[in-house]
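If you're wondering where the values come from, they're calculated on a predicted model, not measured in any experiment. In what follows, every heavy atom counts, from backbone to side chain, and hydrogens, waters and symmetry copies are set aside. To find a chain, count down the sequence lines: A is the first, B the second, and so on, and within it residues start at 1.
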Amino acid sequence: MTGSHPVLTMTGITKTFPGVRALHNVDFRLFPGEVHALMGENGAGKSTLIKVLTGVYDTDEGIITLAGEQVFLTGPMQAAAAGVSTVYQEVNLCTNLSVAENIFIGREPRRLGLIRWGEMRRRARDLLARLGLDIDVTAQLGTYSLAVQQMVAIARAIDVRARVLILDEPTSSLDAGEVAQLFRIMRQLRDERVAILFVTHFLDQVYGIADRITVLRNGSLVGEYRTAELPQLTLVEKMIGKELDVLERLDEQQKRNIAAPSDSTPLVEAAELGRKGGVTPFSLRIHAGEVVGLAGLLGSGRTEVARLLFGADRADHGQVRVDGGKASLRTPIQAIDRGIGFSPENRRAEGIVPELSVRENMILAMQAARGWLRPIPRRRQDELVEKYVKALRIRPANPDLPVRHLSGGNQQKVLLARWLITEPRLLILDEPTRGIDIGAKAEIQKLVVELSDGGMAVLFISAELEEVLRLSHRVAVMRDRTMVAQLDNDTTLDADRVMQTIASGTHREEVNRSTPSPSASAR
Amino acid sequence: MSSTSLTTGRTWRPHLPRRHVPVLATLVLLLVTYGIGVSQYRAFSNIQVVFNVFIDNGFLLVVAVGMTFVILTGGIDLSVGSVVAMTAMVSAALLQDGLPPALVLVIALLIGPALGFLMGCAIHVFDIQPFIVTLAGMFFARGICTFISDASIPITDGFWTTMSQARIGNPAGNFVSISVLVAFAVVLVAAYVLAYTRFGRNVYAIGGNAQSALLMGLPVGRTRIAVYTVSGLCSAVGGILLSFYTLSGAPLIAVGMELDVIAAVVIGGAVLTGGSGYVFGTVLGVLVLGVIQTLITFDGSLNSWWTKIVIGGLLFAFILLQRLIGIRFT
Amino acid sequence: MIAVNTVYRPGFLSIEVNDGHLYGTPIDILRLSAPLILVALGMTLVIATGGIDLSVGSLCAISGAIACLHISTATDRNSPSTVLTALALAFGAALVLGAWNGLLVAVIGIQPIIATLILMVAGRGLAQLITEGQIITINSAPYRAIGLGHFLTLPLAIFIALAAALLVAAFTRRTALGLIVESVGGNAEASRLAGIRSGRVVFLVYVLSAACAAVAGFMITANVSSADGNAAGLWIELDAILAVVIGGTSLAGGRFSLGGTVLGALIIQTLTTTVYAMNISPQTSLLFKAVVVIAVCLIQSPAFRAKFRRRRSDRTPGPAAPQRKKEQVPA
């Protein structure tokens, strides 16, 4: 299956961004006629590696060879000329152009500098026929579904006689039938000795098609494995990493199995809540004073669950009850009115307003709820801000500093303060501890415990299982955009079992459809 | 077999491609306005009325073609009116100084593109909004006009007067001016470039999705700079045609022309966010404006300001139309 | 900027002749910049939300035209009630047109630059329609006072502009409007997730901008005691945008500075007056404006700053484009 010589090698690749080492001494190889999965959690360096390979980024150190010769890739066009083609997760085509043009733009067949449209259409039809696609190549790309657009992107990629085809999460917007179609094409290309680099968050797909797997974690290479020799559980362990921080180990490891009274009316109850293209319908109850952890790999649908509950995205299936009564949570404002707060995963894009001061960021949600005509008196602002700067130990403790000058951890605390000021009944925290230093992390964890002791419900989302287990009364496990299990955090539950659930899962149709049985463990 | 499941992703629609809707709407609009004219005024049916619309708006058409390139990339060029005036002004001043007409022509045709090139560089290299950069360009070019002279400079050069007075006509006495021919040539070249060259297709691609265009390996920066240069060139040609038309260079001529030009392009069906539109549509847009103007002139009771109100109304209607089509898109 | 200003100033030293009132170039500058200040104040808020309002010039013309038309048809042109009715009528019309802009941007979701372009084009026509293409000359002392009157030895216009500035400042900073505007302009998605109803705020800001433009329109027409639908407030939108940008408010939205805007407007007026005083055609001041716009934008451009820093560390300072631009100026 794998040829004798790799078509692509990357050796000692190091790439540093200001303040962040995205890749550290990473090696990678790709053989002709194989499908090679690149795995890793968010921030592991997958996309950086791909961008290096496609010439979008240049490297600080390291050597890339193609077919045995060293190459210096300076841009997508040049990479394509060298035989490296890429299909991105977001279909990066121009929907205003025709299908044929999207395949050929930049290298249209020409005569005397003029584009030969007939020739182009004919070649486009041939190419798509090879992929089993019979569509009108003169129609605008935007009139076709995302799946077709994805296929067109692949057609564009393979037309350049690509030796290396990079598929960066091509399946995230496809349904099962479309994925099968894609896999058929991938196998066909593999048989034509194209080397395929495949990035996905769906473990089933990795085991369905990949010959080998390379795992990255925190910008470093964990290892390269044959798929057949790497059990799913081991793969997940390698992606997540198991080492505990010293500080976290010092923290008491006490279990929080004092389960909240599950017979009382749940504070928030989602019944078959779902959104097409987001997350398959799920049911979840959250009681006052309860911390529900949401575990799963990145892209498994954790964030989508949170956004549905907050009304950031609109559900197209199921309903939500708050205090037992039916509630419409179609916009964030409605959710906030119901006492729900949401600290999003992407702090910079969706959380903070970078130019505004710490104080202004903190009072924003409360002010929004009051409306602009009723400003919060300055004295009250100062009280609130002082209280939370102190309570959360925000550094520097200068409330008039623009929040962009703060470190990630402190920005996160500002966001927490923004919601705590509104005194929510349910606080949804999406990755509140990602990318922040250990001290701040421990503080935020402690705060979550205190808040729930005080009667607040918390939906806690994190990729770190230890963290989820330490804080949660109950853990809901996400896999492939489906809630596959809800586990009571009792003495029997440990990271291994959660990991096992993430790794093996159960087929979405079976578990998910069942009503939330708190101890539905995985196979 | 499974490909059938994929092709069903394409929704049902009549055969008319959506991107052609605005252009066809413009065509209908043009026919309707012309029809109104013919039905109301006997003289309107004279073919010379149509020719006059071209004669009066030849320079506008050329400038609008340049603007079409810019708008197709999702940009905007506010400097066109000033560049038109600057070109006319520079030509007039140089001719007054006794330079040979050929040389004047070359110089005048170089200044516009040079300014356009610089603006394109500022937009691309420094990532400043086109609106602001071309606003500066507009100030700059207008400033140059008055810097040259506060007063209008007449042109007496033989070549210019010949070009101004030349009439190409048929035996029936109908005629067009040289400007119209130049404008037609520009339109044809532009339409050809947009449809049949890589540069033209890159313009559409950038307007559709600049990020994608970059990842598809298209020369985004080069194309963007080129587009503003093209617009500068078209404005320069427009300026020359205007100086043929008026036989002078005036510092305050073509003030506010950029609005007419933008309106013509939008009424011609181009989407201001880029990626959709045709030179042919722009021609129709200019004609619509021209016919409305003629109509209002024919009608003694309507005053010139109605032109602006009608243009504003049409702008609104077409933007709303685009918006409605756009909503159906997603 | 102030340095630039002081370089120009010695040319026409601040003469302060007393004639019952204060006169002199600095006073003139203040008086003449009053309309620009007003328009720029409204524009500041619009730009802070990440939008732009191109229609303000047309709105000036419309409001001025309505006011003058009403006064000119009234029997008693000097009665304060006539003038007040005229102002109220014109002001109301401007609010409606501002609401139209707000509707297009906030509700229908049309790009601000395009949405306000409609009224920029059509508004000129409306203004001329109101004046019927004529220049309506009026003889009304109370109305004239808006532009030329004096109060406490200083021109009344200065006080109006000052009052408007204070009012807008109070309106934005005493309520939470300023914070919410900055939040929407700074990060629209984060604002949405924090529960801000941005549509309402955006709508309001366009109405406010129209209101400011209306008052500016009164001043412009009162200054010359006539309403010219074609020329009143012509290109004031560009000067206002420029004033806002010079004042340090980013065109991308977010933080805004009303004080900066006022200063920016004063700088522009000083520039215009200086050029005028130096006996150069007023249009030539456009050359300077072009240079100022480019310079300010370059300074604000992160891409430029990054490149500049890199070049400077390399060897030769100064990127190519601005230098070339500046070299053209004396040509």
Relative to chain B, which segment of C:Ile241 carries a heavy atom at a distance below 4.5 Å: side chain, backbone, both, or neither?
side chain
For side chain to side chain contact (heavy atoms under 4.5 Å, CB included), just list the numbers for B:Leu242 and B:Thr246, CA-CA rounded to whole Å, side-chain angles, deciding distance to a tenth of an Å, and then say yes or no.
CA-CA 6 Å; B:Leu242 184 67; B:Thr246 62; 4.2 Å; yes
Donor-acceptor under 3.5 Å (C:Thr221 side chain, C:Gly217 main chain)
yes
List in chain and number order the residues that pass ring pair (Phe, Tyr, Trp, His ring centres under 6.0 Å) with C:Trp100, two or more places apart in sequence or in another chain; answer none if no residue qualifies.
B:Phe316
Looking at C:Gln128, C:Gln111, C:Arg124, C:Met120, which has the largest count of heavy-atom pairs under 4.5 Å with chain B?
C:Gln128
Please identify, among B:Thr273, B:Thr307, B:Val266, the residue contributing the most non-hydrogen atom pairs under 4.5 Å to chain C.
B:Thr273
Could you check if a side-chain atom of B:Ile111 sits within less than 4.5 angstrom of a side-chain atom of B:Ile107, using non-hydrogen atoms only?
yes
What residue in B:Leu314, B:Ile311, B:Leu320, B:Leu272 has the most heavy-atom pairs under 4.5 Å with chain C?
B:Leu272
For residues 43-68 of chain C, pull every pair meeting side-chain hydrogen bond (donor to acceptor under 3.5 Å, both in side chains), keeping only residues two or more places apart or in separate chains.
C:Thr44-C:Thr261, C:Asp53-C:Ser55, C:Asp53-C:Ser209, C:Ser55-C:Asn101
Part of B:Ile319 within contact of chain C (heavy atom distance under 4.5 Å):
side chain
